[in-house]
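We're numbering straight along the sequence, starting at 1. Just so you know, ligand 1 is whichever comes first in the structure, and atom 1 is the first atom listed for that ligand.
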Amino acid sequence: MPQITLDGQTDWHGWRTATRALVLSKVPPEDVHWAVRSDAHDGGNELPAGANGFHVPRTLVTLASLALQARDPQRFALLYRLVWRANEGEKVLQLTDDTDLHRLHRLAYAVRAEAHRMRTMLRFLDVEENSNHRFVGWYAPAHYVLEANAQLIARRFPNLLFSIVTPDGGAHWNGAELRFGEGADAFVDDAALARWWQAHHARLWREARAGASIPEAESLDEAPRPPDRPALGPVVLPVHADPQTLEATDSAAACRRCPLHQTATQTVFGEGPEGASVMFVGEQPGDQEDVIGRPFVGPAGQMLDRAMEEAGIDRRTVYVTNAVKHFKFTMRGKRRLHQSPEAPEIQACRFWLDVERVQLRPKLLVLMGGTAARAVLARPVTIGRERGRPFHMADGQLAFVTVHPSFLLRVPDEDAKAREYRAFVRDLQQVRMLMA
Ligand code: SF4
């Protein structure tokens, strides 16, 4: 009985190569034993040599590539059996009452659903790595969907350095290459994940420095060195540290108040320390925020970070959120282009902004852009006329209007852009004085 040992739980190439050789050599399914390589295994597979090729329906290949990621030890045999039967002339995909086909569909569906769930549930910590930001997230997938999801995120955000850790293994993207390494069991909280990352990072550096060839270490840094400060960057406490807000966040995740939930990946709530006296309000999550699940981590967020730093505001001390919690976009080719939310969407989502305001009770609201101002003041606002002049709202709370940092990114002329940036920093300096 031929034993086929695959290189990993998702070794699609290995399974396909073996399947092709076995089918062509007429090895029946019941004669093949499938296994996944353990560390102890040292040899390759001795595959029978077969001649010519054979045709398998494209849909079957697609379903098989999904089902291969299922956490089901029998899947390799099931997939081989279906390919074998298709090659024998059976129209397996057209059968209405076939156990193998039903199982194939069930596994493919479960994998697709879990891949989506993982992208929706993943929350990333922003950790510092040699002056860069790296986003580290942990998730325990029900199926082997880490690799496919990591590839998808790397394709969509090539400039974003990220690591995804799961009990099965970790995926690390360095901007050019995706590498896979060891995993980790559950973390009790974000701080534990940050500590694990710090230790992991330091270990990789030590081993790389000792001359060991460690693919992960190569992928993490061009010239690895240990972090000279704690790996956890700005300590941004997710708002759901508060059990009351956790309820709100969970409810918002299922919110159907407006149609924006239909296409976005997830709700993106605000974040900042409990007791923050200032709440910055933007428009809505962008493309990156939608996937990562955190506000202001994309280009506009980086612009805001820079301006805050210049103005002397520590982002760790303020709460940052958006008026609308779901990403609104339109597709252009494969790209998701931002679309401004309409008044009814702003009005619908004001409910969640009010939840945040009631729970945080900030002394000062910084309204960045027309959408934020409209959401809070419940009227259209001309930014040019109202910016830079703090005022008290009807409930006595102090408010301050300025531009949204994404406005600065859109100014086409470099001189004008620099002028606008200086004006934004001046606004933030005023905010800092109001905070005192
Ligand atoms: S955008 Fe706001 S109101 Fe609309 S579905 Fe999302 S959370 Fe609900």
Find all atoms of ligand 1 within a distance of less than 4.0 Å from any non-hydrogen atom belonging to W352, and give their numbers and elements.
7 (S), 8 (Fe)

Of all the atoms in H326, is at least one N, O or S atom closer to atom 2 (Fe) of ligand 1 than 2.8 Å?
no

Within the stated cut-off of 2.8 Å, is an N/O/S atom of H261 closer than that to atom 4 (Fe) of ligand 1?
no

Under 30°, 30 to 60°, or over 60°: which ring-plane class applies to W197 and H172, parallel, tilted or perpendicular?
tilted

Counting from 1, what ligand 1 atoms have a heavy atom of V324 closer than 4.0 Å?
1 (S)

Would you call the rings of Y80 and W84 parallel, tilted or perpendicular, where under 30° means parallel and over 60° means perpendicular?
tilted

Can you list the atoms of ligand 1 that are under 4.0 Å from a heavy atom of C349?
1 (S), 2 (Fe), 3 (S), 7 (S)

One pair to check against salt bridge (Lys or Arg N to Asp or Glu O under 4.0 Å): R315 and D126. What are the steps and the verdict?
CA-CA 13 Å; R315 180 165 164 178; D126 182 355; over 6 Å; no

Only counting residues at least two apart or in another chain, list the ones meeting side-chain contact (heavy atoms from CB on, under 4.5 Å) with R379.
L377, V381, E386

Salt bridge flag under 4.0 Å for residues E310 and R422:
yes

With atoms numbered from 1 as shown, which atoms in ligand 1 lie under 4.0 angstrom from a non-hydrogen atom of C255?
3 (S), 5 (S), 7 (S), 8 (Fe)

